[in-house]
Amino acid sequence: MTDTALVAGGGGFVGSHLCDSLLNDDYDVLCIDNFGSGRPRNVEHLLDHPRFTLQEADIRQPSALPPVDEIYHLASRASPKDFTDFPVRIALTNTEGTRNLLDHAVASDAKMLFASTSEVYGDPEVHPQPESYTGNVNIRGPRGCYDESKRFGETLTVAYEREYDLDVRTARIFNTYGPRMDPDDGRVIPNFLSQALGDRDLTVYGDGSQTRSFCYVDDMVRGLRALMEARGLQGEVVNLGSDDEITIQELADAVIDVADTDSEIVYRSLPEDDPQRRRPHLGKAREELSYEPSVSLQKGLKRTLDHFSEER
Ligand code: NAD
Ligand code: UDP
């Protein structure tokens, strides 16, 4: 019999690629999204697919859902710009919303994967960040609504695992990019690519010395699927992303190179609590999932640039 996967946030950037991947492997897919930050065009190509169902719903409210075999919980706005505009919605999506999906997992006797984030490490004092690091989050700062609610979301998954023996796993996702990101969502790669395509200057915040490690979406989806499928990881948390760390200045230079543009770099103020260094320790993902990111930044940026260019 075909397995059914529920993808909450399936209309978003990562979620829509995950829906594609699951459909390719013969799953029935139920995509739930309120299209707060996701875009209907991300799943437009799936609407006529016989094994794809779209349910427009908000996970903050419990809704009638059919029993499923697997739940991927990716529903949450993820752009720092949204942390300022929608803090209550974000905090409740990652807490009340997570609770609703955990309840559905218990009722369905399903496996569940919760998409957490490198933001649970805050502005890290340990580098690179292993899963055992408990983080340095400013709970009252502008990122607190996201960081702290993802942390509580993780706490809830652990509580459900202990009390209901639920098979729930958590992925701590590090910066991921690729086609179908919203060009206007404010994150650095969509910003830089949109600016380069429009021959506008690239806006580096601060002096550009802060670092990130950027993962192409196909590598992320492979990691999420592997984490859901691996044996023996009930209740576990695994970092997923790329550990190829670069400065934001280097990223701006790479975008200018890939886009072959005359755009220049301008410097703007650094947002409050912007993490200075970030790189996942991927030892656990490598050991438990044989996970290895494979798409180079140059190749991934080019594919994303081509997609943004087609969308314009
Ligand atoms: P995205 O905004 O493109 O996708 C999130 C999706 O969730 C959107 O389609 C949005 O409409 C939907 N959503 C939000 N709140 C909802 C609600 N209350 N009810 C129903 N749907 C809701 O962002 P993304 O980058 O694809 O992120 C997907 C997941 O991965 C998120 O949980 C995010 O926190 C996590 N994550 C992403 C990154 C990254 O770099 N892309 C990094 C860390 C964690
Ligand atoms: N950033 C930047 N210019 C932009 C957008 C972001 O220099 O136009 C910086 C931001 O300050 C941060 C890094 O790029 O240091 C990554 O930002 P993003 O919002 O993509 O994600 P974060 O990792 O901060 O959640």
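Every value quoted in this text rests on a predicted model; they were computed, and no experiment measured them. Counting starts at 1 for both ligands and their atoms, following the listed order.
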Participant: May I ask you to identify the nearest protein heavy atom to atom 5 (C) of ligand 1, giving residue, atom name and distance to one decimal place in Å?
Facilitator: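 Answer, as residue, atom name and distance: Ser76 O, 3.3 Å.
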Participant: Below 3.5 Å, N or O to N or O, backbone or side chain included: is there any such pair between Ser37 and ligand 1?
Facilitator: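 For ligand 1, there is an N or O atom that lies under 3.5 Å from one belonging to Ser37.
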Participant: Pull out every atom of ligand 1 sitting under 4.0 Å from any heavy atom of Ser116, numbered as shown with elements.
Facilitator: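 That gives atoms 44 (C) of ligand 1.
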Participant: Could Arg89 and Asp82 be called an ion pair, given the rule that one side-chain N must be under 4.0 Å from one carboxylate O?
Facilitator: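 Result for this pair is no, no salt bridge flagged.
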Participant: Decide if atom CG of Asp260 counts as having more than 12 heavy atoms of other residues, nucleotides or ligands within a radius under 6.0 Å.
Facilitator: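 No, because the 6.0 Å sphere around CG of Asp260 holds 12 heavy atoms or fewer from other groups.
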Participant: Tell me whether ligand 1 is touched by Cys215 - counting only heavy atoms on the residue side and a distance under 4.0 Å.
Facilitator: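 Cys215: no contact with ligand 1 (<4.0 Å).
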Participant: Could you tell me whether ligand 1 has any atom less than 4.0 Å away from a heavy atom of Lys150?
Facilitator: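 In this structure, Lys150 qualifies as a contact of ligand 1 - some heavy atom is under 4.0 Å.
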Participant: Have a look at ligand 1 and work out which part of Phe35, if any, has a heavy atom under 4.0 Å from it: side chain, backbone, both or neither.
Facilitator: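 Phe35 to ligand 1: backbone contact only, side chain stays beyond 4.0 Å.
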Participant: Any heavy atom of Gly36 sitting closer than 4.0 Å to ligand 1?
Facilitator: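 Yes; Gly36 lies near enough to ligand 1 that a heavy-atom distance drops under 4.0 Å.
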Participant: For Arg143, does the CZ atom have more than 12 heavy-atom neighbours from other residues, nucleotides or ligands under 6.0 Å away?
Facilitator: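 More than 12 heavy atoms, drawn from other residues, nucleotides or ligands, come within 6.0 Å of this atom.
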Participant: Do we see a donor-acceptor contact under 3.5 Å between the side chains of Gln276 and His127?
Facilitator: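 Gln276 vs His127: no donor-acceptor pair found between side chains.
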Participant: Pick one of side chain, backbone, both or neither for how Arg187 approaches ligand 1, counting any non-hydrogen atom pair under 4.0 Å.
Facilitator: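 The answer is the side chain.
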Participant: Pull out every atom of ligand 1 sitting under 4.0 Å from any heavy atom of Gly11, numbered as shown with elements.
Facilitator: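 By the 4.0 Å cutoff, the relevant atoms are 9 (O).
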Participant: What is the nearest protein non-hydrogen atom to atom 34 (O) of ligand 1, stated with its residue, atom name and distance?
Facilitator: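 For atom 34 (O) of ligand 1, the nearest protein heavy atom is Tyr146 OH, 2.6 Å.
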Participant: Flag yes if more than 12 heavy atoms outside Asp306 fall under 6.0 Å of its CG atom; otherwise flag no.
Facilitator: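 Yes, because the 6.0 Å sphere around CG of Asp306 holds more than 12 heavy atoms from other groups.
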Participant: For ligand 1, indicate whether the residue Ser118 contacts it via side chain, backbone, both or neither (heavy-atom separation under 4.0 Å).
Facilitator: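 Neither part.
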Participant: Is it the side chain (CB and beyond), the backbone, both or neither of Thr93 that lies under 4.0 Å from ligand 1, heavy atoms counted?
Facilitator: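 Under 4.0 Å from ligand 1, Thr93 contributes side-chain atoms alone.
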Participant: Take atom CD in Gln61; do more than 12 heavy atoms of anything else shown fall under 6.0 Å from it?
Facilitator: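 Yes, because the 6.0 Å sphere around CD of Gln61 holds more than 12 heavy atoms from other groups.
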Participant: For His281, is the NE2 atom crowded, meaning more than 12 foreign heavy atoms sit under 6.0 Å from it?
Facilitator: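 For His281, atom NE2 is not crowded (no more than 12 foreign heavy atoms under 6.0 Å).
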Participant: Answer side chain, backbone, both or neither: which part of Ser79 comes under 4.0 Å from ligand 1, heavy atoms only.
Facilitator: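 Neither part.
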Participant: Are more than 12 heavy atoms from other residues, nucleotides or ligands located less than 6.0 Å from atom CG of Asp244?
Facilitator: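 It does not: Asp244 CG has 12 such atoms or fewer within range.
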Participant: Can you find an N/O atom of Phe13 closer than 3.5 Å to an N/O atom of ligand 1?
Facilitator: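 Yes; the residue has a nitrogen or oxygen that sits under 3.5 Å from a nitrogen or oxygen of the ligand.
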Participant: Please say whether Arg77 places an N or O atom under 3.5 Å from an N or O atom belonging to ligand 1.
Facilitator: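 So ligand 1 has no N or O lying under 3.5 Å from an N or O of Arg77.
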Participant: What atoms of ligand 1 come within less than 4.0 Å of a heavy atom belonging to Ile59?
Facilitator: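 Going through ligand 1 atom by atom, the ones under 4.0 Å from Ile59 are 17 (C), 18 (N), 19 (N), 20 (C).
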Participant: Do we get Arg279 above Phe174's six-membered ring, with its NZ or CZ under 6.0 Å from the centre and within 45° of the axis?
Facilitator: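 No, a cation-pi geometry is absent between Arg279 and Phe174.
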Participant: Describe, in one word, how the ring planes of Tyr164 and Tyr160 are oriented to each other, choosing from parallel (under 30°), tilted (30 to 60°) and perpendicular (over 60°).
Facilitator: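 Tilted, since the angle between the ring planes falls between 30° and 60°.
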Participant: Charged N to carboxylate O under 4.0 angstrom, Glu154 versus Lys150?
Facilitator: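 Looking at Glu154 and Lys150, the cut-off is not met.
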Participant: Heavy-atom contacts with Ala57 under 4.0 Å: which atoms of ligand 1 show up? List them by number with element.
Facilitator: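 Atoms satisfying the 4.0 Å criterion: 19 (N), 20 (C).
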Participant: Do Arg180 and Asp20 sit within salt-bridge range, that is, some charged N less than 4.0 Å from a carboxylate O?
Facilitator: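 Salt bridge present between Arg180 and Asp20.
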Participant: Students should be able to answer this: which protein heavy-atom is nearest to atom 4 (O) of ligand 1, and at what distance?
Facilitator: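 Result for atom 4 (O) of ligand 1: Gly12 CA, 3.5 Å.
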Participant: Parallel, tilted or perpendicular for His73 and Phe114, by the 30°/60° rule?
Facilitator: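 Rings of His73 and Phe114: tilted, as their planes differ by 30° to 60°.
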Participant: Relative to Phe86, does Arg77 satisfy both conditions: NZ or CZ under 6.0 angstrom from the six-membered ring centre, and within 45 degrees of the ring's axis?
Facilitator: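 Pair Arg77/Phe86 counts as cation-pi.
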Participant: Measure the distance from atom 27 (O) of ligand 1 to every protein heavy atom, then report the residue, atom name and distance (to 0.1 Å) of the closest one.
Facilitator: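 Going atom by atom, the protein heavy atom closest to atom 27 (O) of ligand 1 ends up being Ala78 CB, 4.1 Å.
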Participant: Could you tell me whether the side chains of Thr203 and Gln195 share a donor-acceptor contact shorter than 3.5 Å?
Facilitator: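 Gln195 and Thr203 do have a side-chain donor-acceptor pair below 3.5 Å.
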Participant: Just to confirm my output: which protein heavy-atom neighbour is closest to atom 37 (C) of ligand 1, and how far is it?
Facilitator: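 The closest one turns out to be Ile173 CG2, 4.0 Å.
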Participant: Would you call Asp85-Lys81 a salt bridge at under 4.0 Å N-O?
Facilitator: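 Lys81 and Asp85: not salt-bridged.
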Participant: Just to confirm my output: which protein heavy-atom neighbour is closest to atom 13 (N) of ligand 1, and how far is it?
Facilitator: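 Protein heavy atom at minimum distance: Asn34 OD1, 3.5 Å.
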Participant: With respect to Asp58, determine whether any N or O atom, backbone or side chain, lies less than 3.5 Å from an N or O atom of ligand 1.
Facilitator: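 Looking only at distances, the answer is yes, because the N/O contact criterion of under 3.5 Å is met.
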Participant: Return the closest protein heavy atom for atom 26 (O) of ligand 1 as residue, atom name and distance.
Facilitator: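 That would be Val14 N, 2.9 Å.
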Participant: Please indicate whether any nitrogen or oxygen in Asn175 is less than 3.5 Å from any nitrogen or oxygen in ligand 1.
Facilitator: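 Looking only at distances, the answer is no, because the N/O contact criterion of under 3.5 Å is not met.
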Participant: Tell me every residue that passes side chain to side chain contact (heavy atoms under 4.5 Å, CB included) with Arg140, counting only those two or more places apart in sequence or in another chain.
Facilitator: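 In terms of side chain to side chain contact (heavy atoms under 4.5 Å, CB included), with neighbours along the sequence ignored, Arg140 is linked to Asn138.
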Participant: Are any of the N/O atoms on Ile32, whether in the backbone or the side chain, positioned under 3.5 angstrom from an N/O atom of ligand 1?
Facilitator: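 Such a contact does not occur with ligand 1.
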Participant: Assess whether atom CG of Asp48 is packed by more than 12 heavy atoms of other residues, nucleotides or ligands within 6.0 Å.
Facilitator: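 For Asp48, atom CG is not crowded (no more than 12 foreign heavy atoms under 6.0 Å).
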Participant: Going by the order shown, which atoms of ligand 1 are within less than 4.0 Å of some heavy atom of Gly38?
Facilitator: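 So the atoms of ligand 1 that pass are 8 (C), 9 (O), 10 (C), 11 (O).
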Participant: So which protein residues pack against ligand 2 under 4.0 Å, heavy atoms counted?
Facilitator: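 Residues Pro80, Glu119, Arg143, Asn175, Gly186, Arg187, Val188, Asn191, Phe192, Thr203, Val204, Tyr205, Gln210, Arg212, Ile248, Pro271, Asp274, Arg278 each place a heavy atom under 4.0 Å from ligand 2, listed by chain and number.
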Participant: Work out whether the distance between some heavy atom of Tyr177 and some atom of ligand 1 is less than 4.0 Å.
Facilitator: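 For ligand 1, residue contact (heavy atoms, under 4.0 Å) with Tyr177 is absent.
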Participant: Give the numbers and elements of all ligand 1 atoms closer than 4.0 Å to a heavy atom of Thr117.
Facilitator: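 Those atoms are 43 (C), 44 (C).
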Participant: Are the charged groups of Arg268 and Asp201 less than 4.0 angstrom apart, N to O?
Facilitator: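 Here Arg268 does not pair with Asp201 in a salt bridge, since their nearest N and O are not under 4.0 Å apart.
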Participant: In the protein, what heavy atom is nearest to atom 31 (C) of ligand 1, and what distance, to one decimal place, separates them?
Facilitator: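 The protein heavy atom lying closest is Leu74 O, 3.2 Å.
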Participant: Within a reach of under 6.0 Å around CG of Asp25, are more than 12 heavy atoms found that belong to other residues, nucleotides or ligands?
Facilitator: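 Enclosed.
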